[in-house]
Enquirer: 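The structure's right below; bear with me while I get my questions together.
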Amino acid sequence: MLDLKVLRERPQWVKQRLATRGGDYPIERILDLDTRRRHLIAELDRLRHERKTLSEEIGRLKRQGQDPEDLVSRVKLLGERIKALEGELREVEGEQKRLLLELPNLPHESVPVGEDEKDNQVVKRWGDLPQFDFKPRPHWEIGVELGILDFERAAKITGSRFTVYYGAGALLERALINFMLDLHIRKHGYREVLPPFMVNEETLIGTGQLPKFKEDLFKLEDWDYYLVPTAEVPVTNLHREEILPEEVLPLYYTAYTPCFRSEAGAHGRDTRGIVRQHQFNKVELVKITTPETSYQELESLLLDAEEVLQLLGLPYRVMLLCTGDLGFSAAKTYDIEVWAPGQGRFVEISSCSNCEDFQARRANIRYRPRSGGKPRFVHTLNGSGLAVGRTVMAILENYQQPDGSVVIPEVLRPYMGGLERITRE
RNA sequence: GGAGGGGUGCCCGAGUGGUCGAAGGGGGCCGACUCGAAAUCGGCUGUGCGGGUUAGCGCCCGCACCGGGGGUUCGAAUCCCUCCCCCUCCGCCA
């Protein structure tokens with residue numbers, strides 16, 4: 001949520017910055033409502049003050065045994081007027097809030113202006129692309145042939161965009177989760193969280209998935225609960241409606257959860273393989289920081305995510321997203337894209353964002369400055385560290401051998417009972 | 001699922017429909033005492049919104065907030081309705 005004060009003071013500037021994302025936003029309408037809202041509040045305060053004073057007077061008269069009847073009828077009229085204005089105020093505030101909740105975050109100054117992903121900038125490359133003396137195959141062929149991935153039975157028991165893993169495939173997934181968590185906990189100083197995989201509506205409003213992106217979520221029938229689309233949602237909301245002492249900041253959390261996404265609007269995209277699924281595993285990184293440090297924390301969060309790929313020996317590049325490709329809540333985002341030789345392209349495997357105070361405002365997460373004084377909104381950051389299914393994909397494609405087997409990266413072997421290679425089962 | 005109890009400020013805890021933003025305690029902060037500390041004594045100790053003032057920290061005025069929402073009333077922490085959460089007992093259960 002944007003700061004109404006900023007909206008009020010610099011409407012043209014806000015409009016311009018939002019315009020760089022593309023689309024049109026009802027700034028004037030929000031400001032009109034704001035003017036009306038403030039008039040109503042001023043008037044209501046005045047009337048309530050009068051009612052309070054007169055009501056006290058009534059009490060005083062009654063105690064003195066006098067009959068305050070004309071005062072009572074006068075205050076009764078006041079009460080009716082107040083009730084009417086309160087109704088009006090509720091409506092105005094409701095509409096203003098609805099509109100405000102649908103405005104995306106302002107892009108940070110350092111974000112390149114652009115239309116869509118073609119304007120994203122490559123800011124870093126790591127690793128040499130593997131050379132094959134045969135034609136590298138896509139993971140869906142490798143995985144099915146090894147007998148570790150099964151798309152047909154997944155479609156039977158559930159539907160499209162689901163996968164069954166068997167044997168070393170299931171083990172690889174589980175090993176990656178543990179490897180990533182251990183790295184972030186032991187080396188990078190994050191605290192492990194295992195949150196609920198279902199969350200309520202308030203929580204989804206807090207991080208920005210609702211009200212605007214309901215169609216991307218799975219909702220339970222007869223319950224106001226949704227399946228989490230990412231651990232960012234439950235973890236960032238841990239501190240919703242809280243005032244944290246500055247001493248505890250920055251908070252570093254890492255969480256493994258499955259993620260559930262409807263992928264509405266992605267029909268026909270990435271239909272083969274495990275790249276785009278309705279359910280996938282992810283280890284997420286979440287940071288809660290002061291406004292002063294959030295951008296340096298974003299850089300270190302990115303490095304924490306990159307290190308996973310480095311240790312696994314998977315080549316990647318880092319993209320700085322342009323304004324037109326930014327997510328709703330993000331002010332600045334780096335995507336990490338891993339090399340997928342079987343498909344001959346880079347595939348997004350992590351997205352690291354600074355949301356500044358956008359989510360903090362929605363979720364009302366604040367901190368009390370060390371020096372005392374008023375609570376301020378924290379900054380929230382999140383990043384994948386990493387998407388596990390896509391990591392499996394990248395391992396299968398980058399470590400594939402001419403005989404169809406797949407070598408397991410050394411750092412994972414302790415997590416897989418010493419297994420060095422996946423061969424046909 | 002059945003029966004009952006409860007949600008008040010950073011924490012504990014009192015509260016009669018009117019002077020309660022809320023007693024009392026604890027904690028914390030400031031000051032006094034002390035070489036210093038403990039103990040003791042005094043003072044302070046919320047959030048949001050609207051308005052005013054300031055170069056600014058801030059300050060002043062008003063309104064709202066005693067789990068959320070709605071209602072009764074001239075007036076609600078206090079009465080009524082509804083939802084949420086927590087606790088105890090019984091039943092069921094991974």
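Quick note on labels: first sequence line is chain A, next is B, and so on, each numbered from 1. Predicted, not measured: the structure shown is a model, and the values here were computed from it. In what follows, every heavy atom counts, from backbone to side chain, and hydrogens, waters and symmetry copies are set aside.
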Enquirer: Please verify the inter-ring angle class for A/His188 with A/His184; under 30° counts as parallel, over 60° as perpendicular, anything in between as tilted.
Expert: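 A/His188 vs A/His184 ring planes: tilted.
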Enquirer: Side-chain N or O of A/Arg90 versus OP1/OP2 of B/A64: is the shortest distance under 4.0 Å?
Expert: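 The answer is no; no side-chain N or O of A/Arg90 sits under 4.0 Å from OP1 or OP2.
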Enquirer: Starting from C1' on B/G50, measure out to CZ on A/Arg36 and report it in whole angstrom.
Expert: 17 Å
Enquirer: Can you tell me if the side-chain N/O atoms of A/Arg38 get under 4.0 Å from OP1 or OP2 in B/G51?
Expert: yes
Enquirer: For A/Arg60, which contact category applies under a 4.0 Å heavy-atom criterion: base, sugar-phosphate, or nothing?
Expert: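 No contact.
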Enquirer: If I take atom CG in residue A/Leu44 and atom C1' in nucleotide B/C65, what distance separates them, rounded to the nearest angstrom?
Expert: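 Going from CG in A/Leu44 over to C1' in B/C65 covers 15 Å.
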Enquirer: Using a 4.0 Å heavy-atom cut-off, does A/Ile41 contact any base of the nucleic acid, only the sugar-phosphate backbone, or nothing at all?
Expert: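 The residue A/Ile41 makes sugar-phosphate contact but no base contact.
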Enquirer: So which nucleotide from B/U47, B/C74, B/A64 ends up closest to the side chain of A/Arg368?
Expert: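 Between B/U47, B/C74, B/A64, the one nearest the side chain of A/Arg368 would be B/U47.
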Enquirer: Measuring to OP1 and OP2 of B/C74, would you say a side-chain N or O of A/Arg74 lies under 4.0 angstrom away?
Expert: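 Checking A/Arg74 against B/C74: no side-chain N or O falls below 4.0 Å of OP1 or OP2.
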Enquirer: In whole angstrom, give me the gap between the C1' atoms of B/G28 and B/G17.
Expert: 35 Å
Enquirer: Convert the base pairs of RNA chain B into dot-bracket notation, remembering that pairs crossing earlier ones are written with [ ] and that bases paired across to another strand are shown as |; include only Watson-Crick or G-U pairs under 3.5 Å.
Expert: ((((((((.[[[..)..(.....]]]((((((.......))))))((((((((....)))))))).[[[[[..)....]]]]])))))))....
Enquirer: Shortest non-hydrogen contact from A/Pro375 to A/Arg368?
Expert: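 Taking every non-hydrogen atom into account, CD-NH1, 3.8 Å.
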Enquirer: Looking at B/C63, I'd like to know if its phosphate oxygens (OP1 or OP2) sit under 4.0 Å from a side-chain N or O belonging to A/His49.
Expert: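 The answer is yes; a side-chain N or O of A/His49 sits under 4.0 Å from OP1 or OP2.
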Enquirer: Using the rule given for side-chain contact (heavy atoms from CB on, under 4.5 Å), can you reason through A/Glu284 versus A/Asn382, listing the C-alpha separation, both sets of side-chain angles and the distance that settles it, and then say yes or no?
Expert: CA-CA 7 Å; A/Glu284 184 76 356; A/Asn382 64 79; 3.5 Å; yes
Enquirer: Would you say A/Lys83 places a side-chain N or O within less than 4.0 Å of OP1 or OP2 belonging to B/G70?
Expert: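 No.
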Enquirer: Here's a test of your reading of the structure: between A/Gly79 and A/Glu56, which maps to the more 5' nucleotide of RNA chain B?
Expert: A/Glu56
Enquirer: Have a look at A/His139 and tell me which of A/Val144, A/Leu396, A/Val392 forms a side-chain contact (heavy atoms from CB on, under 4.5 Å) with it.
Expert: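 The single option meeting the side-chain contact (heavy atoms from CB on, under 4.5 Å) with A/His139 is A/Leu396.
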Enquirer: How many whole angstroms separate atom CG of A/Leu54 from atom P of B/C63?
Expert: 12 Å
Enquirer: If each of A/Arg366 and A/Leu4 is mapped to the nucleotide of RNA chain B with the nearest heavy atom, which maps nearer the 5' terminus, i.e. the 5' end?
Expert: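 The residue closer to the strand's 5' end, by nearest nucleotide, is A/Arg366.
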Enquirer: Over all strands shown, is A/Arg8 touching base, sugar-phosphate only, or nothing at heavy-atom distances under 4.0 angstrom?
Expert: sugar-phosphate
Enquirer: Can you check whether A/Leu249 reaches A/Thr293 side chain to side chain, under 4.5 Å on heavy atoms?
Expert: no
Enquirer: Indicate, with a heavy-atom threshold strictly under 4.0 Å, whether A/Lys52 touches base, sugar-phosphate, or nothing.
Expert: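 If one applies the 4.0 Å heavy-atom cut-off, A/Lys52 turns out to touch the sugar-phosphate alone, with no base involved.
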Enquirer: Would you check if the side chain of A/Asn237 reaches a backbone N or O of A/Arg240 as a donor-acceptor pair within less than 3.5 Å?
Expert: no
Enquirer: Flag the pair A/Arg191 / A/Ile185 as yes when at least one side-chain heavy-atom distance between them is below 4.5 Å, and no otherwise.
Expert: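 They are not in contact (no side-chain heavy atoms under 4.5 Å apart), so the answer is no.
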